[in-house]
Amino acid sequence: MGEGEAAMPIVLVVTGVSGSGKSTVASLLAERLGLPFVDGDDFHTPESVARMSAGHPLDDQARGPWLALIRGWIDRQLATGEGGVVACSALKRRYRRALIGDPTRVRIVYLEGSRDLIGRRIAARHGHFMPAVLLDSQFAALEPPGPDEDPITVGIEEGPEAIVAAVATRLGRSPGDLCG
Ligand SMILES: Nc1ncnc2c1ncn2[C@@H]1O[C@H](COP(=O)(O)OP(=O)(O)OP(=O)(O)O)[C@@H](O)[C@H]1O
Ligand SMILES: O=C(O)[C@H](O)[C@@H](O)[C@H](O)[C@H](O)CO
């Protein structure tokens with residue numbers, strides 16, 4: 001790395017509303033980059049999952065401890081130098097701030113898509129606790145990352161492989177550079 005060049009981020013946080021493709025894209029991205037992957041959904045309490053399953057959105061209070069757990073994972077991955085990729089909706093700016101300690105080592109990937117397209121994908125998805133009825137609340141809570149957050153924003157119209165390729169291009173690095 002040249003002098004004065006920014007340090008490489010080594011944790012990628014793949015964000016977006018429910019059904020935007022976070023789990024699909026983040027797991028493929030992790031595989032391609034040879035990095036550990038976790039799904040933010042796995043950090044929810046059973047109570048939060050039950051609440052969403054019943055059609056009630058989470059609020060800031062319920063999301064606080066969940067974000068703290070994911071922040072713990074991110075910090076551990078940075079401390080060990082392993083890096084990683086995490087799927088986490090991180091809908092609001094303050095949630096992303098809660099997740100990111102060192103912005104030079106954590107990069108936001110934002111999956112951007114229309115309500116219509118995402119609604120159709122959720123309607124076709126089976127075996128997931130998140131009901132389609134919550135999609136409007138997801139968009140209502142959404143604060144898309146601003147330029148100051150230096151997000152890698154990718155449209156989701158194309159398939160997962162194309163999205164992962166677009167992210168890799170935006171990172172402008174070979175996978176090996178991400179790991180250290
Ligand atoms: N780029 C894509 N093209 C076509 N289908 C996709 C794409 N990305 C994801 N899908 C499909 O859309 C649905 C939603 O994707 P996925 O479950 O990964 O979204 P998510 O953002 O992780 O959702 P949630 O936050 O609710 O867990 C799945 O059925 C998935 O297979
Ligand atoms: O903040 C939230 O409203 C929730 O965390 C959701 O975004 C879910 O985690 C997920 O997207 C649905 O599976």
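Counting starts at 1 for both ligands and their atoms, in listed order. All residue numbers in this chain count up from 1 along the given sequence. From a predicted model like this one, the values you see are computed outputs, not experimental measurements.
Distance OG/Ser18 to CE/Met130: 4.0 Å, rounded to 0.5 Å. Annotation: the span from Leu171 atom CG to Ile152 atom CD1 amounts to 4.0 Å, rounded to 0.5 Å. Put simply, OG on Ser23 and CG on Asp39 are 3.5 Å apart, with the number rounded to the nearest 0.5 Å.
Closest to atom 31 (O) of ligand 1 among all protein heavy atoms lies Thr24 OG1, 4.0 Å. Of all protein heavy atoms, the one closest to atom 1 (N) of ligand 1 is Glu158 O, 2.8 Å. What sits closest to atom 7 (C) of ligand 1 on the protein, heavy atoms only, is Arg121 NH1, 3.5 Å. Among protein heavy atoms, the minimum distance from atom 25 (O) of ligand 1 is reached at Lys22 NZ, 2.6 Å. Considering only non-hydrogen protein atoms, atom 19 (O) of ligand 1 sits nearest to Gly21 N, 3.1 Å. Summary of contacts: the protein heavy atom closest to atom 1 (O) of ligand 2 is Arg63 NE, 2.7 Å. The shortest contact between atom 11 (O) of ligand 2 and any protein heavy atom is with Lys22 NZ, 3.4 Å. Scanning the protein for heavy atoms near atom 8 (C) of ligand 2, the closest one is Asp41 OD1, 3.5 Å. Of all protein heavy atoms, the one lying nearest to atom 17 (O) of ligand 1 is Arg125 NH1, 2.7 Å.
When Ser18, Cys88, Gly19 are checked for heavy-atom proximity to atom 14 (C) of ligand 1, Gly19 turns out nearest.
Gln77 places none of its side-chain heavy atoms less than 4.5 Å from the side chain of Leu35. Counting only heavy atoms from C-beta outward, the side chains of Leu142 and Tyr110 approach each other to under 4.5 Å.
Residue Ser89 places no heavy atom under 4.0 Å from ligand 1. At a 4.0 Å cut-off, at least one heavy atom of Pro160 sits close enough to ligand 1 to count as contact. Put simply, no part of Glu157 is less than 4.0 Å from ligand 1, judged by heavy atoms. Residue contacts with ligand 1 leave out Val25, since none of its heavy atoms falls under 4.0 Å from the ligand. Between Ala87 and ligand 1 there is no heavy-atom distance shorter than 4.0 Å.
Closest approach of Ala62 and Arg51 over heavy atoms only: CB-NH1, 3.8 Å.
For Trp66, no nitrogen or oxygen atom sits less than 3.5 Å from a nitrogen or oxygen atom of ligand 2, counting backbone and side chain alike.
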Practice task
With side-chain contact (heavy atoms from CB on, under 4.5 Å) as the test, would you mind laying out the steps for Phe37 and Leu29 before giving the verdict?
Solution key: CA-CA 9 Å; Phe37 162 73; Leu29 191 57; over 6 Å; no
